Amino acid sequence: MTKTPASTAALQLADKKHHAHPFTDPKALAENGSRIISRGKGVEIWDNDGNKYLDGMAGLWCVNIGYGRNEIAERVKSQIEELCYYNSFFMSATPTQIELAETISSLTPEGLNHIFFGTSGSDANDTASRLVRHYWDLKGKPTKKTIISLIHAYHGSTITGASLGGWPAMHKMGSTLQAGYTHIMPPYWFEFGRNQSKEDFGLKAAQALEDAILLAGADNIAAFIAEPVMGAGGVIPAPDTYWPMVQEICKKHDVLLIADEVITGFGRTGEWFGSFTYNIKPDILNMAKGLSSGYAPISATAVSDDMYAVLSAGGEISHGFTYSGHPVCCAAALENIRIMKDEKIVEYVRDVAGPHFQNKLQEFADHPLVGEARGVGLLGALELVRDPKQGEKFAPEKRVAIRCVEKGFENGIIMRAIREVLEFSPPLIITTQEIDLLFDRARYCIDEVAKEEGIL
Ligand SMILES: *Cc1c(COP(=O)(O)O)cnc(C)c1O
């Protein structure tokens, strides 16, 4: 069943006419045409003209087991043939949903054994937000409604997701920021704490949480939400002192802790969840991207036994989606998890790929354009500055990080930019040779931009 591939120009024209893109400037799209990606295998993707790229971003932080795994195609096909869909409302369930809920419970940190399903990271965060508020209502504390989150955090693009997130442009678009959300300083040493040690700054950033709780009154705070390592907001691992103190503060003030593990879940940090890497004990843990390695849209919200006991005593849970626990997506997730276990992918990230990746990343630490190289597991970021010694930044109009990304496309690698930060999040199956290739090419691109800026 081969068909003649459509010409890139024809696709771009139809795309421009009819396809409204997320996170894209329509004017720039109309001028330049979209980049059309047609095929993927392993860590590589091909555009419609046959150019090959090493995908240093695993799609959008999600294609963890790599592109083109036939086993998932087979499992999804047989699920569709057997039962394409049935809902989980009104006391129904399908075997596939049940198996996945049980499987996820076996992987999550202790005590997180009750799984609500959704189809995206955003809706998982909506679910968490509704559940924590409902929980406090049931506990007879109806004023505990506000959720605290971090500046620069990304929690999705629904109204709740964008409100939880700390991105001003998202708050502004459509006046999205709702009442009941507070944003505090993140544990982002390079931006907020360079005048002190990382350890001291970690404590200061955690103190910002307690200050916010005290300012609003603990009686008004439902929960604190954070990514174990901030992802899209700049790949920001917290100093070691941060999470232990955050955990203490939440406990002390009766504030629930929501771990948004949409990126950090399923091996990205070298453990099944970032909560293991940082010894976090959340009341709710959200996962999405790596759950199916992007093969099908699915998310899950794992709720603690204690919380679920309270929710269970509160009557019907008036929440859910037509596609909560979609059997086809559950089948994709189950096969993804089977592959991760059989091929010991989490162990591979922890013992081989992660350490190699972090070593290569640190080789950039003394590059004349790099202020900080940071990361964990197979997450990495380079903070680009005009002068690392003085900490002098580039003007945003210089678009230095975006220019590096554009050079990456010209040189066969995919990176991502936010502010003046270059981000990396390759498929977890990346070999050490491919890691070398990724960073060799990244260095070439950064050098080129440094030359354009008269720095090299
Ligand atoms: C991607 C992401 C989301 C949103 O997930 P969608 O599936 O795009 O809705 C939420 N939280 C984090 C940490 C993410 O990285």
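It should be emphasised that the depicted structure is a prediction, and the values quoted were computed from it without experimental measurement. The figures that follow rest on heavy atoms only: side chains count, while hydrogens, waters and symmetry mates do not. For ligands, and for the atoms within them, numbers begin at 1 and follow the listed sequence.
- The closest donor-acceptor contact from the side chain of W243 to the backbone of I280 lies at 3.5 Å or more, if one exists at all.
- D240 has no carboxylate O lying under 4.0 Å from a charged side-chain N of K198, or vice versa, which leaves the two without a salt bridge.
- Heavy-atom proximity to H155, at under 4.0 Å, picks out these atoms of ligand 1: 10 (C), 11 (N).
- Judged by distance alone, with hydrogens and angles left aside, the side-chain atoms of S324 form a donor-acceptor pair with the main-chain N or O of F117 at under 3.5 Å.
- Looking at W61 against ligand 1, nothing comes within 4.0 Å, counting heavy atoms.
- Listed by number with element, the atoms of ligand 1 under 4.0 Å from a non-hydrogen atom of E227 are 13 (C).
- For the residue pair T96 and E99, no side-chain donor N or O sits within less than 3.5 Å of a side-chain acceptor on the partner.
- Heavy-atom contacts of D260 reach the following atoms of ligand 1: 10 (C), 11 (N), 12 (C), 13 (C) (cutoff under 4.0 Å).
- For atom 9 (O) of ligand 1, the nearest protein heavy atom (residue, atom name, distance) is S122 OG, 2.5 Å.
- Listed by number with element, the atoms of ligand 1 under 4.0 angstrom from any heavy atom of N125 are 10 (C), 11 (N).
- Near G121, with a cut-off below 4.0 Å to any heavy atom, the atoms of ligand 1 are 4 (C), 5 (O), 6 (P), 7 (O), 9 (O).
- For ligand 1, the atoms sitting less than 4.0 Å from at least one non-hydrogen atom of I263 are 15 (O), numbered in the order shown with element in parentheses.
- When the shell of 6.0 Å around CZ of R338 is examined, it contains more than 12 heavy atoms from other residues, nucleotides or ligands.
- Ion pair R419/E191 not flagged as a salt bridge, since none of the NZ, NE, NH1 or NH2 atoms sits closer than 4.0 Å to an Asp/Glu carboxylate oxygen.
- The parts of S120 lying near ligand 1 are both backbone and side chain, judged by heavy-atom distances below 4.0 Å.
- Set against the non-hydrogen atoms of K289, the atoms of ligand 1 under 4.0 Å away are 1 (C), 2 (C), 3 (C), 14 (C), 15 (O).
- Taking the charged nitrogens against the carboxylate oxygens, E335 and R69 have no contact shorter than 4.0 Å, which rules out a salt bridge.
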